[in-house]
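This report concerns only the one structure given below.
Below, chain A is the first sequence line, B the second, and so on; all start at residue 1. Owing to the predicted nature of the structure, the values given are computational and were not obtained by experimental measurement.
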There are 2 protein chains.
Amino acid sequence: MNAPALTKNQALVFEVLEKADGPLSAYTILDKLRDHGFRAPLQVYRALEKLLEYGVVHRLESINAFVACAHPDQNCHSHGIVAFAICESCGHVMEFHDHEVDHRLMDWTRGKKFKAEKTTIEIRGLCEACAA
Amino acid sequence: MNAPALTKNQALVFEVLEKADGPLSAYTILDKLRDHGFRAPLQVYRALEKLLEYGVVHRLESINAFVACAHPDQNCHSHGIVAFAICESCGHVMEFHDHEVDHRLMDWTRGKKFKAEKTTIEIRGLCEACAA
DNA sequence: ATCGCACACGTTATAGCATAACGCAATTGA
DNA sequence: TCAATTGCGTTATGCTATAACGTGTGCGAT
């Protein structure tokens with residue numbers, strides 16, 4: 001899925017996420033966009049839905065928040081499973097990919113004949129700066 | 001963290017989860033325990049908090065639900081990272097462990113000096129029966 | 001051209017998930 | 001005995017997400 005041109009709302013939401021230095025909740029995004037005419041959560045969620053589909057935004061399931069992809073220029077969906085390390089102190093998120101992990105999980109699903117659609121890997125803890 | 005004797009509320013919640021054939025939301029658990037005197041969500045959440053701590057229940061972050069551990073007799077926390085495959089059609093959950101995946105993720109966190117506290121691995125898709 | 005369709009958008013209302021803050025009772029250990 | 005801890009119950013509230021309805025716009029097929 002490659003990204004077509006973004007609509008106005010999609011572009012606004014994406015811009016907010018790109019400028020943020022950490023993940024944002026949908027409602028935080030909404031608040032940041034009230035000056036741009038956003039009034040209801042659905043405006044945010046609908047934009048997010050598309051941005052997730054295009055692979056330029058990721059959803060962090062364990063904290064109900066959204067973050068811009070670390071390399072939105074490339075097609076993130078083609079990099080295999082995306083993994084995240086989330087600092088519970090400063091909120092900073094690191095995105096990474098590990099093909100060996102992908103292979104192990106794919107091996108398991110193949111063995112079970114499980115048809116994987118979407119895989120979540122999220123490590124919560126303390127980043128180097130905060131752990132010190 | 002080994003499990004001390006469960007309190008009445010904890011035992012009730014755990015029993016409901018054990019009998020269920022899939023993950024349950026906190027509010028679903030609440031409804032199933034109204035006849036036993038449960039009236040408020042907090043009664044469920046407080047019990048769940050302890051059961052999670054004891055490692056006899058797992059939280060599925062991607063679906064906001066809870067499931068009994070596949071082997072609550074052993075200490076699940078000592079098995080390394082727990083991974084789940086969740087069927088989006090029938091709701092069935094398979095729990096598994098893969099030490100190679102653990103090692104790869106630990107290698108990454110070590111390299112980044114990230115202090116991991118809790119890791120989530122959840123694969124959503126279709127189980128063998130539902131994919132057919 | 002205009003009809004039908006797909007899609008984005010706006011709004012209101014509601015559903016679903018989780019915790020804050022208060023107070024009470026029982027237990028434990030100094 | 002007193003203080004600290006833990007579990008419990010209740011009320012209220014906050015956060016997250018979607019249902020359902022209607023509007024407008026662009027675009028291809030007939």
### Touch class at under 4.0 angstrom, heavy-atom based, for B/R46 against every strand present
base
### Query
What residues form a side-chain contact (heavy atoms from CB on, under 4.5 Å) with B/R39, not counting sequence neighbours?
B/Q43
### Query
Between which nucleotides of DNA chain D, 5' to 3', does chain B make heavy-atom contacts below 4.0 Å?
D/dG7 to D/dT11
#### Entry: Results of salt bridge (Lys or Arg N to Asp or Glu O under 4.0 Å) for A/E18 - residues two or more places apart only
none
### Query
Got a sec, which residues hit salt bridge (Lys or Arg N to Asp or Glu O under 4.0 Å) with B/R46, two or more places apart in sequence or on another chain?
none
### Message
What's the separation between atom CD1 in B/I121 and atom CG in A/L105, rounded to the nearest 0.5 Å?
### Response
6.0 Å
### Message
Once ring-ring contact (aromatic ring centres under 6.0 Å, His included) is applied, what residue pairs with a partner in residues 104-130 of chain B remain, sequence neighbours excluded?
### Response
A/F96-B/W108
#### Entry: Cationic N near anionic O, under 4.0 Å, B/D31 to B/R34
yes
### Message
My understanding is that only residues two or more places apart in sequence, or in another chain, count here; which of them pass ring-ring contact (aromatic ring centres under 6.0 Å, His included) with B/H97?
### Response
B/H71, B/H79
### Message
Under the side chain to side chain donor-acceptor pair (under 3.5 Å) definition, can you give me all pairs with a residue in residues 119-132 of chain B, not counting sequence neighbours?
### Response
A/E61-B/R124, A/T120-B/R124, A/R124-B/T120, B/S62-B/E122, B/S62-B/R124
## Note on the structure
Bounded by its outermost nucleotides with an atom under 4.0 Å from a heavy atom of chain A, the footprint on DNA chain C reads C/dA8 to C/dT12
### Task
For A/E95, check salt bridge (Lys or Arg N to Asp or Glu O under 4.0 Å) against everything at least two apart and list the hits.
none
#### Entry: Global bending angle along the helix from C/dA1-D/dT30 to C/dA30-D/dT1, which compares the axes of five pairs at either end, to 10 degrees
30°
## Note on the structure
Note: for B/P41 and A/F66 on DNA chain D, the residue whose nearest nucleotide lies more 5' is B/P41
### Message
Can you pull out the residues from residues 14-29 of chain B that lie within a 4.0 Å heavy-atom distance of DNA chain C?
### Response
B/S25, B/Y27
### Message
B/K50: which residues meet the salt bridge (Lys or Arg N to Asp or Glu O under 4.0 Å) condition with it, sequence neighbours left out?
### Response
B/E53
### Message
Centre-to-centre under 6.0 Å for A/H58 and A/F66, is that the case here?
### Response
no
